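A short worksheet on the structure shown next.
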Amino acid sequence: MESEIYAYFALIGTDLSPEEVTEKVGIKPSKTWKIGDLIHSKATIRKKYNGWRVDSQLSKSDDLESHIKSVMEQLQPGWLSLVELCKHCKVEISCVIYYRSGSIPAIHFDKYIVEKVHQLNAAIDVDFYVLPEESGSNEAVAA
């Protein structure tokens, strides 16, 4: 594995109702959660916020910019309602890169992405993990 890349859009808030978001924007989310849900099936830690998320549908070998554009395209059908909802909760475009070897993946946001993120009143979070080159473990070092 050289790199694995993905991105997603998330709305998060204590007053957020994932069901109402889905109803208002008319978009099926990739994932939703509520306060008190386990963060993972094997975990004991619970979610502190409600959430609604749309993931990129591209291969993890595609570039970051393409992943973000994939997410934005999925949001288009409910864009106006979504922009209004985004005024009242935490909004984030999350980008995740796992890098092991080869070419270092580009982190670039063109004008289209910057404008769409601005319209959504969103933050951009980029997590870049450098993995050991020859290891069977899942250990990651945050960069």
Side-chain angles (χ1 to χ4, degrees), residues 1-101 104-133 135-143:
M1 169 189 83
E2 285 192 17
S3 294
E4 286 189 9
I5 300 170
Y6 64 94
Y8 60 88
F9 168 85
L11 285 171
I12 303 165
T14 54
D15 296 331
L16 177 82
S17 164
E19 297 83 8
E20 285 181 23
V21 172
T22 301
E23 185 180 313
K24 286 181 183 178
V25 300
I27 299 168
K28 183 180 177 188
S30 305
K31 181 178 183 178
T32 63
W33 61 92
K34 292 189 175 182
I35 295 170
D37 287 353
L38 292 173
I39 62 166
H40 186 277
S41 62
K42 296 179 181 178
T44 58
I45 301 170
R46 298 191 177 270
K47 298 280 189 177
K48 296 179 182 177
Y49 302 97
N50 298 321
W52 188 91
R53 175 173 149 171
V54 172
D55 297 349
S56 167
Q57 296 179 338
L58 300 179
S59 163
K60 291 186 178 180
S61 63
D62 285 320
D63 64 88
L64 181 60
E65 194 170 63
S66 296
H67 278 281
I68 296 171
K69 287 181 178 179
S70 167
V71 170
M72 294 299 180
E73 287 170 11
Q74 291 177 69
L75 299 176
Q76 282 306 307
W79 191 261
L80 295 177
S81 297
L82 195 57
V83 166
E84 190 58 36
L85 282 169
C86 289
K87 294 177 183 176
H88 308 289
C89 52
K90 181 180 176 187
V91 186
E92 189 168 270
I93 303 294
S94 292
C95 309
V96 181
I97 301 169
Y98 292 98
Y99 171 78
R100 187 178 306 274
S101 64
I104 297 172
I107 300 174
H108 178 260
F109 309 111
D110 67 15
K111 289 180 181 183
Y112 169 84
I113 291 171
V114 172
E115 177 61 31
K116 292 295 185 184
V117 170
H118 174 72
Q119 289 175 17
L120 293 170
N121 194 35
I124 299 175
D125 176 59
V126 179
D127 294 327
F128 191 98
Y129 299 96
V130 178
L131 304 175
E133 280 193 43
S135 173
S137 73
N138 290 334
E139 288 185 40
V141 177

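Only a predicted model underlies this, so the values are computations on that prediction, with no experimental measurement involved.
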**Asked** C95 and side-chain contact (heavy atoms from CB on, under 4.5 Å): which partner among I107, D125, I124?
**Response** I124
**Request:** State, yes or no, whether a side-chain contact exists between I104 and Y99 at a heavy-atom distance under 4.5 Å.
**Result:** yes
**Asked** Side chains of L120 and L75: closer than 4.5 Å at any heavy-atom pair?
**Response** yes
**Item:** Under the salt bridge (Lys or Arg N to Asp or Glu O under 4.0 Å) test, residues paired with E23 that sit two or more places apart
**Value:** none
**Asked** Rounded to the nearest 0.5 Å, what separation is found between the OG atom of S94 and the CZ atom of R53?
**Response** 7.5 Å
**Message:** Looking at every non-hydrogen atom in both residues, tell me the closest pair between W52 and T22 and how far apart they are.
**Reply:** NE1-OG1, 2.8 Å
**Complete:** Closest non-hydrogen atoms of V117 and I93, given as atom of the first, atom of the second and distance, are CG2-CG1, 4.0 Å
**Item:** Taking every non-hydrogen atom, the tightest pair across I113 and D110
**Value:** N-OD1, 3.0 Å
**Complete:** Paired with I97, the side-chain contact (heavy atoms from CB on, under 4.5 Å) test is passed by just one of F128, Y129, Y6, namely F128
**Prompt:** Side chains of L85 and L16: does their closest heavy-atom pair fall under 4.5 Å?
**Reply:** no
List, one per line, each side-chain donor-acceptor pair under 3.5 Å for residues 29-38, sequence neighbours excluded.
| unit_1 | atom_1 | unit_2 | atom_2 | d |
| --- | --- | --- | --- | --- |
| S30 | OG | D55 | N | 2.8 |
| W33 | NE1 | Y49 | O | 3.1 |
| K34 | NZ | E19 | OE1 | 3.4 |
| K34 | NZ | E19 | OE2 | 2.9 |
| D37 | OD2 | K34 | N | 2.8 |

**Asked** Looking at V91 and F9, what are the two nearest heavy atoms and their distance?
**Response** CG1-CE1, 3.3 Å
**Prompt:** Is the shortest heavy-atom distance from the side chain of K111 to the side chain of K116 under 4.5 Å?
**Reply:** no
**Prompt:** Any chance the side chains of D63 and S66 put a donor and an acceptor closer than 3.5 Å?
**Reply:** yes
**Message:** I'd like to know whether L82 forms a side-chain contact (heavy atoms from CB on, under 4.5 Å) with L11, so could you lay out the CA-CA distance, the side-chain angles of the two residues, the decisive distance to 0.1 Å, and finally the verdict.
**Reply:** CA-CA 10 Å; L82 195 57; L11 285 171; 4.0 Å; yes
**Prompt:** For the side chain of R100 and the backbone of P132, is there at least one donor-acceptor N/O pair under 3.5 Å apart?
**Reply:** yes
**Prompt:** If every non-hydrogen atom of F109 is compared with every non-hydrogen atom of I68, which pair is closest and at what distance?
**Reply:** CE2-CD1, 3.3 Å
**Message:** Restricting to salt bridge (Lys or Arg N to Asp or Glu O under 4.0 Å), what partner residues turn up for K87, sequence neighbours left out?
**Reply:** E84
**Prompt:** In Å, rounded to the nearest 0.5 Å, how long is the span from CD of Q74 to NZ of K69?
**Reply:** 15.0 Å
**Message:** A side-chain contact here means heavy atoms from C-beta on lying under 4.5 Å apart; do N50 and S17 qualify?
**Reply:** no
**Message:** Keeping H67 on the side-chain end and I5 on the backbone end, is there a donor-acceptor pair under 3.5 Å?
**Reply:** yes
**Item:** Minimal non-hydrogen separation, L64 against A106, with atom names
**Value:** CB-O, 4.0 Å
